[in-house]
Structure formats: structure tokens, C-alpha cells
Colleague: 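The structure that follows is given in the form of C-alpha cells.
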Amino acid sequence: MYGADKNSDDAEQTAFRRAEKKYKLYYGQDSKKKKQPKQVDLSQVLDFTSILDSYNQNGELPPRITALECGFGRPVFCLEDRPGFYFMPGALSLEEQCQWIRESLMSFPQPPNRTNHNAMYGPIHDLFKAAMEKKILVEDLGLAASLDCRSNSRIANGNTNKWKFYEEQFLQSRGKTCKSISASVLLRKLRWSTLGLQFDWSKRNYDVSLPHNKIPDALHQLAKRMASPAMPVGEEFQPEAAIVNYFGLGDTLGGHLDDMEADWTKPIVSLSLGCKAIFLLGGKSREDTPLAMFLRSGDVVLMAGDARECFHGVPRIFTDKENADMASLEQQFSHENDVFFLEYIRKSRININIRQVF
Ligand SMILES: O=C(O)CCC(=O)C(=O)O
């Protein structure tokens with residue numbers, strides 16, 4: 001997970017690290033000295049959408065890829081070299097993609113779910129709405145009462161500082177300078193939120209003592225349905241926790257294993273939304289050369305059994321028109337109320353991965 005692959009000299013040497021560096025976004029300069037993304041050779045990247053197209057047309061598959069018919073009305077692809085890995089291109093309809101993008105921005109970051117901002121600002125309510133309303137998060141040291149920003153750093157009841165959203169005009173009219181940050185910057189810096197049982201990143205484990213809500217019913221049902229191709233016969237997937245990853249241009253997820261769940265025969269169900277990404281699926285050692293594949297909005301991946309022991313990560317997302325593959329989703333978000341969702345997702349990718357913990 002986050003921070004799992006430090007940029008140490010050792011890590012630089014592994015096959016996984018070399019692949020990450022190959023696909024990561026780097027910038028160069030064009031002839032007019034303008035900053036431009038460096039070209040990267042994508043010819044080795046597996047494209048399951050094209051594989052699905054040719055499979056549907058003539059039943060042909062590339063070597064070492066097999067297709068399962070699991071009653072989804074569309075095939076589920078497997079890799080002979082990576083048992084336990086399942087790829088379902090376009091498994092989510094456009095309506096479902098929009099629904100989960102809205103939920104990922106509006107409801108999933110709501111307390112008691114935690115986000116990467118908790119450590120710095122405590123629980124933040126309604127971040128997306130505040131960004132739409134161009135609000136500013138201000139360190140509230142009794143600000144509402146006096147706007148005296150020189151008070152000490154603890155409020156009367158002993159809690160650490162409370163941060164609150166204010167209208168920009170309100171702050172300007174009071175003319176005081178407090179520690180502040182705009183909601184739109186915070187939204188851009190939103191990196192993860194955790195649903196259900198809360199994952200503690202510092203201990204790299206689930207902290208069942210933390211307040212939490214159950215996985216929302218609709219997500220629970222979806223994950224159960226999607227998990228079925230990878231489930232041991234006669235067993236049902238029990239979604240207990242989810243991590244939502246938010247990627248902006250240049251963001252990456254370093255090579256890692258998800259090994260904090262008790263039973264690795266149960267899959268991780270991973271949904272992709274928004275801009276196209278490259279996913280690296282390695283082997284059980286970082287020395288194994290990973291397979292690179294595209295993940296598009298609506299794709300669903302399952303990792304169970306042996307594949308749970310394989311290093312994986314996301315070295316790149318594409319936000320440019322040519323590569324992001326967002327045309328259909330942009331059309332779906334065409335209502336005037338959707339303009340903020342569209343603005344966000346045009347330049348971002350969201351991944352929701354759902355887990356059975358025990
Ligand atoms: O973003 C993705 O597709 C992968 C996410 C992942 O590997 C994780 O959160 O552990």
C-alpha cells in the first residue's frame with residue numbers, strides 16, 4: 001500500500017522498480033523549451049478492451065490468456081501465469097460508474113470514514129460541497145466568536161484545534177490571517193478514504209476499535225456479485241472494508257502486497273473509475289518482471305489465492321484527451337448539476353477496492 005516501495009537503492013534495482021520507472025510520468029522540454037510529458041512506449045501494455053473485442057468477434061485470445069463464462073453475460077479473463085487474477089473489462093455500466101464516482105466524492109470521505117486529511121485537520125465534513133462552494137478551511141481558534149487568531153493551539157475542552165469551512169468573503173471582511181487552506185486544494189490532495197473497518201496506515205493493520213459504518217448496502221451487493229468468479233465453491237464474499245484511492249496527474253501507487261486480511265482465498269474486488277491507468281502485476285518477488293495492463297473506467301479486477309501474493313501497483317494515470325478514454329463517461333455526466341463531478345474526474349482516477357478482512 002502507500003509508502004510500501006521506498007526509493008531506496010535496493011528498490012531501484014528490482015524488475016518491479018524498473019517497470020515503474022519505465023511507465024511513470026516524466027517531463028522533458030520540446031523545441032520551444034515548453035514542459036511536455038516524455039513519450040513512453042506502450043506497445044507491451046496488455047489491453048483487455050481490445051482482447052474482449054477480438055474475442056467477441058472471432059473467439060481468439062492471445063497466448064496464456066483464458067476466458068471464463070461466469071453468467072455475467074460477458075467473459076472474465078484470466079492469466080495462466082497468475083492464477084487467482086481475474087479481469088472483467090467494462091463490467092460496470094456508465095450509470096454505475098457515475099454513481100460510484102459521485103459516492104466516492106460526496107459520501108465516502110465523510111466521517112467516521114477517515115481520509116489522508118485526518119492526521120492534519122481532524123475529521124472533515126462535506127469536502128466536495130465546500131470545494132464547489134469555494135470555501136476555505138480555517139484553523140478555528142474561537143474564530144467564530146472573536147476572530148482572534150493568536151490564541152493558543154488548544155481549545156477549551158482539550159481537543160486539538162478544530163478546522164472549519166468559511167466563505168472566502170467572510171474571512172476577507174474580518175481581515176485576520178489564520179492558518180487556512182482552500183477546499184479545492186484539499187480535494188485535489190485527497191488521496192484515500194477508508195470505508196467499513198478502518199485501516200490504520202501507521203500500524204498497517206485494521207483497527208477494529210475505530211468508529212466506523214458498515215460498507216454501504218449497494219457497494220456490498222455489487223462487491224458480492226463481482227467477487228463470485230473468484231470465490232471458493234459454496235462460499236459468499238463478505239465485504240467488511242474498502243479503500244478508496246484518488247489519483248491525480250503524476251500520482252502513483254508503489255508496488256505492494258495487500259496482506260493484512262486473514263483469508264487470502266477471498267478476493268480483493270477492485271473497481272476502476274475515471275481516467276485510464278497502467279496497472280503492474282508482478283510475481284511473488286519484486287525481482288519478477290511485472291505484466292503491464294491498462295485499467296479503464298468500469299473495469300473490475302479480482303485478486304485471490306496465489307495472486308494475493310503478487311506485488312502490484314499503479315505507476316501512471318493518463319489525463320490527456322488522447323489517452324484518458326473518458327469520452328463516454330463525459331457524455332454521461334452531461335447534466336448541469338454534474339459539472340463539478342466532470343471537472344474532477346476528467347483529470348483524476350478513482351479506485352475502490354473492497355475486502356473481506358476476517
Ligand atoms: O488503484 C488500483 O487499481 C490498485 C489499488 C491497490 O492496489 C490498493 O489499494 O491496494
Side-chain angles (χ1 to χ4, degrees), residues 1-5 16 19-20 23-25 45-46 48-49 82 84-92 97 100-101 104 108-109 113-116 190-201 204-206 215 219 223 226 230 239-261 264 266-284 286 290-304 307-319 324-325 345 348-357:
M1 292 181 197
Y2 289 90
D5 197 359
F16 200 97
E20 287 180 315
Y23 292 113
K24 198 175 159 183
L25 173 64
V45 184
L46 268 179
F48 279 101
T49 302
R82 299 285 190 281
F85 180 82
Y86 301 78
F87 198 116
M88 303 184 232
L92 302 179
Q97 293 170 45
W100 296 116
I101 290 167
S104 300
F108 295 166
N113 298 342
R114 294 180 318 143
T115 76
N116 54 304
L190 181 65
R191 203 59 181 84
W192 54 261
S193 61
T194 41
L195 320 186
L197 291 176
Q198 295 290 296
F199 193 80
D200 182 330
W201 299 93
R204 289 204 74 248
N205 214 337
Y206 291 92
I215 297 289
L219 189 62
M226 290 295 160
E240 291 165 322
I243 298 175
V244 186
N245 295 307
Y246 305 83
F247 296 82
L249 183 63
D251 288 341
T252 63
L253 181 57
H256 65 279
L257 295 177
D258 298 304
D259 49 5
M260 287 301 146
E261 293 76 25
W264 294 1
K266 306 289 164 14
I268 290 185
V269 179
S270 186
L271 320 178
S272 284
L273 302 164
C275 293
K276 191 171 82 182
I278 293 180
F279 181 75
L280 292 178
L281 176 64
K284 295 186 182 179
R286 287 183 192 273
L291 280 169
M293 59 193 81
F294 290 121
L295 281 175
R296 290 183 173 81
S297 198
D299 291 345
V300 175
V301 159
L302 309 176
M303 291 179 79
R308 289 289 303 252
E309 298 174 58
C310 293
F311 284 91
H312 58 279
V314 178
R316 175 83 181 253
I317 76 157
F318 298 92
T319 62
D325 264 355
I345 205 65
S348 314
R349 170 176 185 265
I350 299 174
N351 163 261
I352 307 174
N353 58 83
I354 306 130
R355 296 134 189 264
Q356 175 164 341
V357 176

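Since the model is a prediction, treat every value here as computed from it, not as a measurement. Counting convention: from 1, in listed order, for ligands and their atoms alike. Numbering starts at 1 and runs along the sequence shown.
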Colleague: Show the atoms of ligand 1 that are less than 4.0 angstrom away from any heavy atom in His312.
Modeller: 7 (O)
Colleague: Numbering the atoms of ligand 1 from 1, which are under 4.0 Å from a heavy atom of Arg349?
Modeller: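 Close to Arg349: 1 (O), 2 (C), 3 (O).
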Colleague: Keeping Arg308 on the side-chain end and Asp258 on the backbone end, is there a donor-acceptor pair under 3.5 Å?
Modeller: yes
Colleague: With the side chain counted from C-beta on, respond yes when Tyr246 and Arg191 share a heavy-atom pair under 4.5 Å apart, and no when they do not.
Modeller: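 They are not in side-chain contact.
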Colleague: Quick check: does any side chain N or O of Glu240 sit under 3.5 Å from a backbone N or O of Val357, one acting as donor and the other as acceptor?
Modeller: yes
Colleague: With a heavy-atom distance limit of 4.0 Å, tell me whether Val301 approaches ligand 1 through its side chain, its backbone, both, or neither.
Modeller: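 Neither; nothing of Val301 gets under 4.0 Å from ligand 1.
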Colleague: Is there a donor-acceptor pair closer than 3.5 Å between any side-chain N or O of His312 and the backbone N or O of Gly282?
Modeller: no
Colleague: Is it the side chain (CB and beyond), the backbone, both or neither of Met303 that lies under 4.0 Å from ligand 1, heavy atoms counted?
Modeller: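 Neither; no heavy atom under 4.0 Å.
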Colleague: What do we get for Ile243 next to ligand 1 when only non-hydrogen atoms under 4.0 Å count, side chain, backbone, both or neither?
Modeller: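 The answer is neither.
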Colleague: Under 3.5 Å, sequence neighbours excluded: what are the donor-acceptor pairs made by side chains of residues 268-279?
Modeller:
{"residue": "Ser270", "atom": "OG", "partner": "Asn351", "partner atom": "ND2", "Å": "2.8"}
{"residue": "Ser272", "atom": "OG", "partner": "Arg349", "partner atom": "NH2", "Å": "2.8"}
{"residue": "Lys276", "atom": "NZ", "partner": "Asn323", "partner atom": "O", "Å": "3.3"}

Colleague: How long is the span from the CD1 atom in Ile243 to the CG atom in Asn113, to the nearest 0.5 Å?
Modeller: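 Answer for the CD1-CG pair, Ile243 versus Asn113, is 12.0 Å.
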Colleague: Looking at Leu295, which atoms of ligand 1 are within less than 4.0 Å of one of its heavy atoms?
Modeller: 3 (O)
Colleague: Which of the atoms of ligand 1 are close to Asp258, meaning less than 4.0 Å from one of its heavy atoms?
Modeller: 10 (O)
Colleague: So is Phe247 in contact with ligand 1, going by heavy-atom distances below 4.0 Å?
Modeller: yes
Colleague: Quick check against the 3.5 Å criterion: does Asp299 have a side-chain atom that pairs as donor or acceptor with the backbone of Gly90?
Modeller: yes
Colleague: Which ligand 1 atoms, with their elements, are less than 4.0 angstrom from a heavy-atom of Asn351?
Modeller: 1 (O), 2 (C), 3 (O), 4 (C), 5 (C)
Colleague: Is there a nitrogen or oxygen of Asn245 sitting under 3.5 Å from a nitrogen or oxygen of ligand 1?
Modeller: yes
Colleague: How does Leu253 reach ligand 1, by side chain, by backbone, by both or by neither, if only non-hydrogen atoms under 4.0 Å count?
Modeller: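 Near ligand 1, Leu253 shows its side chain, while the N, CA, C and O stay back.
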Colleague: Taking only residues two or more places apart in sequence or in another chain, which ones pass side-chain contact (heavy atoms from CB on, under 4.5 Å) with Leu46?
Modeller: Phe48, Ile51, Ile65, Leu79, Met293
